Each structure stands twice: as structure tokens, then as C-alpha cells.
Amino acid sequence: MDGKRWLPLEANPDVMNQFLCQLGLRPSWQFGDVYGLDPELLGMVPRPVCAVLLLFPVTEKYESFRLKEEGRIKEQGQQVSPDVYFMKQTIGNACGTIGLIHAVANNQASLEFEADSPLKTFLQESSKLSPEEKAAFLEKDENIRVTHESSAQEGQSETPSIDDKVDLHFIAFVNVGGQLCELDGRKPFPIVHGKTSEDTFLEDAAKMCKVFMERDPMELHFTVIALSKA
């Protein structure tokens, strides 16, 4: 991350829905809380689901796993669909917005945008850029920055400071071409976690969320949010 920092976005579906609505996404799909990862609670989530966001604590255990995982993939390689939209994160605290962009960008065929949507314009203009170029493009996008800032102040009992240390991080899980992809702007590339389908996507993403939780069983700060058809 360079010196740029934004206020952290709250893990609140209402804030996220309002943020995307302000950027011209029609409310035909909505973010909602996933209250638990067992079958009964997953059964309460409206279907279909096209993206899952996970907010989790960045701990020493996680960082050590992340570096090992990167090394293994660099050594062994992985097949990633060329259709995956993936961007790096170069702005501090912007992981919430980048998670939302990853969720929306990889589901444009299902989602509906207003004619003058600033988000749709951003996605179209950045689609052919490299992950690093997409990050630089986001740094220059005033529409998204200003909307992020007003959304980050919504629903907070006291306005957070840009300098507050935030050890929580958002990532997105999406289904691209039948692959379950983890998109994390702190990583150099998407991570493919095997096959998935529209019918099993929520369960497959929930399994991966469980893996994150099991890695740090003493941590309680996990939040799972699903993007469902309204």
C-alpha cells in the first residue's frame, strides 16, 4: 500500500446496498447477512447468490498461511479463467470497496445498472487493464472515492479516523465459469478453490469461509455477507 488511505467501510449490508445504489446499480440484487454456515442458516439466505463477502481478522497465523499459499501457487501454477475481473489493493482501508467491485464486476451479466452508472463506466473502462493498472485507475476515480467516503461515515456511531489501525480485511468469493474464485486485493492473483455451480455456490463459498475460521479458532471477528437476488 502506498500513502493513500480511505475510511474503512462497515460490514453492514444496508451501507453496501446504499453505496452500490449511489453508483448506479439497480436493487434487483441485494447484500444481506449470512447468520451462520450450517445448512439450516444457509437455507435462510435468499437464492440465487452470486457473490459472498468475508470480513476476517488478519492475524499472524493468517499471514503465514497467505505467504505459503502464494509460494505454492507460484511454484505449481493454477488455471484461472481469463474472464475473472481482479484488481490489486493499493489504497489503505479500501478492501470493502474492492470486495464490492469484485462482487459486481464478476456478475455483470446478472446485474442491472442505471444508464449513467459511474460503476458500470468504471468497470467497462478498466476491464482490459492489469490488476495493478485497475488499482491505479481506482485511485483516480472521484465518483467511487466520494461515495466510499460518505458510505464509510454512514451507520458508524462515531466517525472512524483514517489513521485508525484496521486489522480486519474483506475478500470476495465469486463463481466465474464454474470456478470458485477467491479475490483478495492484497494477493498477487485470484485463488481458485475448485469447481462450483450456481446451485452449490453458497455452500461452496461457506466451506471456504469455515476454513478461514478454523485457521484462527480463537478469533470471533468474522462476518459473512451474500449478494442475493432480491
Side-chain angles (χ1 to χ4, degrees), residues 1-35 50-59 85 87-107 111-123 125-126 134-174 183-186 209 212 219-228 230:
M1 313 272 156
D2 60 16
K4 279 185 186 288
R5 290 176 83 76
W6 288 357
L7 291 171
L9 199 64
E10 199 181 353
N12 176 332
D14 293 339
V15 170
M16 293 175 170
N17 290 328
Q18 188 187 352
F19 172 81
L20 291 171
C21 185
Q22 286 175 320
L23 287 172
L25 184 71
R26 290 189 177 151
S28 51
W29 291 71
Q30 294 272 288
F31 280 102
D33 284 310
V34 176
Y35 293 109
C50 70
V52 167
L53 296 181
L54 172 66
L55 181 71
F56 67 96
V58 175
T59 61
Y85 182 107
M87 73 192 304
K88 293 278 289 163
Q89 180 182 346
T90 51
I91 304 167
N93 296 340
C95 60
T97 287
I98 288 171
L100 294 179
I101 290 173
H102 278 146
V104 171
N106 288 289
N107 287 292
L111 304 174
E112 297 169 44
F113 296 84
E114 302 296 345
D116 57 350
S117 163
L119 182 54
K120 180 74 171 172
T121 303
F122 175 86
L123 297 177
E125 292 179 356
S126 61
K134 286 185 178 86
F137 198 61
L138 178 64
E139 287 184 19
K140 297 189 189 81
D141 193 296
E142 280 300 288
N143 280 316
I144 294 179
R145 184 189 66 77
V146 169
T147 309
H148 172 103
E149 206 158 276
S150 66
S151 299
Q153 289 169 354
E154 281 291 316
Q156 301 274 15
S157 44
E158 62 187 72
T159 303
S161 156
I162 281 185
D163 300 317
D164 285 353
K165 185 157 171 47
V166 178
D167 292 323
L168 296 171
H169 184 60
F170 273 107
I171 59 173
F173 292 99
V174 294
L183 305 176
D184 178 349
R186 293 177 72 234
C209 294
F212 275 74
E219 283 288 344
L220 302 174
H221 296 98
F222 289 92
T223 304
V224 182
I225 295 172
L227 181 55
S228 300

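Numbering starts at 1 and runs along the sequence shown. Here the structure is a predicted model, which is why all the values come from computation and not from measurement.
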Can you list the steps and then say if Leu119 with Val104 is a side chain to side chain contact (heavy atoms under 4.5 Å, CB included)?
CA-CA 9 Å; Leu119 182 54; Val104 171; 4.0 Å; yes

Can you give me the closest heavy-atom contact between Gly96 and Phe170, atom names plus distance?
CA-CD1, 3.3 Å

Gln153 side chain reached by Leu7 side chain, heavy atoms, under 4.5 Å
yes

Just wondering, do Val58 and Leu168 contact through their side chains at under 4.5 Å, heavy atoms?
no

Minimal non-hydrogen separation, Pro57 against Glu219, with atom names:
CG-OE1, 3.6 Å

Give me the ring orientation class for His148 and Trp6: parallel if the planes are under 30° apart, tilted from 30 to 60°, perpendicular past 60°.
tilted

How far does OG of Ser150 sit from CZ of Phe19, to the nearest 0.5 angstrom?
8.5 Å

Are Val52 and Cys209 packed together at the side-chain level, in the sense that at least one heavy-atom pair is separated by less than 4.5 angstrom?
yes

Please report the shortest heavy-atom distance between Leu9 and Ala152, naming the atom on each side.
CD1-N, 3.8 Å

For the side-chain contact (heavy atoms from CB on, under 4.5 Å) test, which of Val174, Ile101, Ile98 pairs with Leu183?
Val174

Between atom CG of Leu138 and atom NZ of Lys4, what is the distance when rounded to the nearest 0.5 Å?
9.5 Å

Contact between Leu55 and His169 at the side-chain level, heavy atoms closer than 4.5 Å - yes or no?
no

Does a donor on one side chain and an acceptor on the other come within less than 3.5 Å for Asp184 and His102?
no

Using the rule side-chain contact (heavy atoms from CB on, under 4.5 Å), only one of Val224, Leu54, Thr223 pairs with Val34; which is it?
Val224

Centroid separation Phe212 to Phe56 less than 6.0 Å
yes

Taking the ring of Phe137 and the ring of Phe122, is the distance between their centroids below 6.0 Å?
yes

Atom CD of Glu149 and atom OG1 of Thr97: how far apart are they, to the nearest 0.5 Å?
10.5 Å

Apply side chain to side chain contact (heavy atoms under 4.5 Å, CB included) to the pair Ile91 and Arg5, showing each step before the final yes or no.
CA-CA 5 Å; Ile91 304 167; Arg5 290 176 83 76; 5.6 Å; no

Please report the closest heavy-atom contact between Pro27 and Ala230, naming both atoms and the distance.
O-CB, 3.6 Å

Using 0.5 Å steps for rounding, measure from the CG atom of Leu23 to the CD atom of Glu114.
11.5 Å

Does the side chain to side chain donor-acceptor pair (under 3.5 Å) test come out yes or no for Gln30 and Ser228, once each step is laid out?
CA-CA 5 Å; Gln30 294 272 288; Ser228 300; over 6 Å; no

To the nearest 0.5 Å, tell me how far Lys140 NZ sits from Asn143 CG.
15.0 Å

Both conditions, 6.0 Å and 45 degrees, for the charged tip of Lys134 above the ring of Tyr85: are they met here?
yes

Name the one of Leu20, Asn17, Leu100 that satisfies side-chain contact (heavy atoms from CB on, under 4.5 Å) with Leu25?
Leu20

Taking Asn107 for its side chain and Cys50 for its backbone only, find out whether a donor-acceptor pair lies under 3.5 Å.
yes

Would you name the heavy atoms of Ala172 and Gly99 that are closest together and state the gap between them?
CB-O, 3.8 Å

Write down the atom of Val15, the atom of Ser151, and the distance for their closest heavy-atom approach.
CG1-O, 3.4 Å

Can you tell me how far the CD atom of Glu139 sits from the CD1 atom of Ile144, to the nearest 0.5 Å?
12.5 Å

